[in-house]
Amino acid sequence: MNDKDRRSMPLFGIGIVMKLTELTARQIRYYEENDLIHPERTKGNQRLFSFNDVDRLLEIKNYLDKGLNLAGIKLLLTDEDSNVEKTEEKEKALPKEKKSVLTDKELRAILRQEITEANRFGKANLRQGELARFFVNR
DNA sequence: CTTCTCACA
DNA sequence: TGTGAGGA
C-alpha cells in the first residue's frame, strides 16, 4: 500500500474532523453538499473522512478567509481530482482556432496568483464572488 | 452520547 | 450558517 492510498483512506468521523479543522459539523456537511469534498460513508451512513478530505477542508477554510465563495473555491480545488487530465485532453482535441486562449489549469494558476497577491494588499480589494464570476463568465 | 437529515418563530 | 426535531 502506497502513500496515495493512505491519504485517501477513510479514517475519521466528523467529530475528529471538526477538531482538526476548527469547522462546525454544519459547515462540513454543507461543503459536501456543494461537492467540495466527498467523504465515504459507513454502513450506518456515518461520514468517514480521509487525510485528503481534511486537507481540502483546511484549504477551503483558507480560501474562505481570502474572500472567495464556495463556487470559486470549488473551481480552484477541482484540480487535484481527475478533472485536469480530462480538461487537457479536451483542450488538445479542439482545433487551434477554437482553442480558448488559456486552459482551465492555467486559469486556475492565474487565479491562485491573484488571490495570493490580493492577500498581500488585504482582502478588501477582493469582493465576494468576484473571482468566481470572472471564472464562470470567461 | 454522537451523527444524520430536514426544515425554518 | 445556526438550531431544533426526530430517528438511528
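Labels below follow one simple rule: chain letters A, B, ... track the order of the sequence lines, proteins then strands, and each chain is numbered from 1.
Partners of A:N2 according to the side-chain contact (heavy atoms from CB on, under 4.5 Å) rule, which considers only residues two or more places apart in sequence or in another chain, are A:K4, A:D5. Checked against side-chain hydrogen bond (donor to acceptor under 3.5 Å, both in side chains), A:T24 has the following partners two or more places apart in sequence or in another chain: A:Q27. For A:D3, the salt bridge (Lys or Arg N to Asp or Glu O under 4.0 Å) partners are A:R6, not counting sequence neighbours. Partners of A:E22 under the side-chain contact (heavy atoms from CB on, under 4.5 Å) rule, at least two apart in sequence or in another chain, are A:K61. Every residue was checked against the side-chain hydrogen bond (donor to acceptor under 3.5 Å, both in side chains) condition with A:R26, not counting sequence neighbours, and none meets it. Shown here are the side-chain hydrogen bond (donor to acceptor under 3.5 Å, both in side chains) partners of A:T21, two or more places apart in sequence or in another chain: there are none.
For DNA chain C, none of the residues of residues 12-23 of chain A falls under the heavy-atom distance limit of 4.0 Å.
Counting only Watson-Crick and G-U wobble pairs whose two key distances fall under 3.5 Å, DNA chain C forms stems of three or more stacked pairs at B:4-8 with C:2-6.
The minimum heavy-atom distance between A:D53 and A:L48, with the atom names listed, is OD2-O, 4.3 Å. Scanning all heavy atoms of the two residues, the minimum distance from A:E40 to A:P10 falls at CG-CG, 3.1 Å. The shortest heavy-atom contact between A:L20 and A:L58 is O-CD1, 4.1 Å. Considering every non-hydrogen atom in both A:I14 and A:F49, the closest pair reads CA-CE1, 3.7 Å.
Counting 5' to 3', DNA chain B first comes under 4.0 angstrom of a heavy atom of chain A and last does so at the ends given by B:dT3 to B:dT5. Taking the 5' to 3' direction, DNA chain C first and last meets chain A under 4.0 angstrom from a heavy atom at C:dT1 to C:dT3.
Other residues, nucleotides and ligands contribute only 12 or fewer heavy atoms inside 6.0 Å of the CZ atom of A:F51.
A:R29 comes within 4.0 angstrom of a nucleotide base, judged by non-hydrogen atoms across all strands.
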Could you pull out every donor-acceptor pair under 3.5 Å between side chains of residues 28-36 of chain A and any protein atom, sequence neighbours left out?
residue : atom : partner : partner atom : Å
A:E32   : OE1  : A:R47   : NH1          : 2.3
A:N34   : ND2  : A:Y30   : O            : 2.9

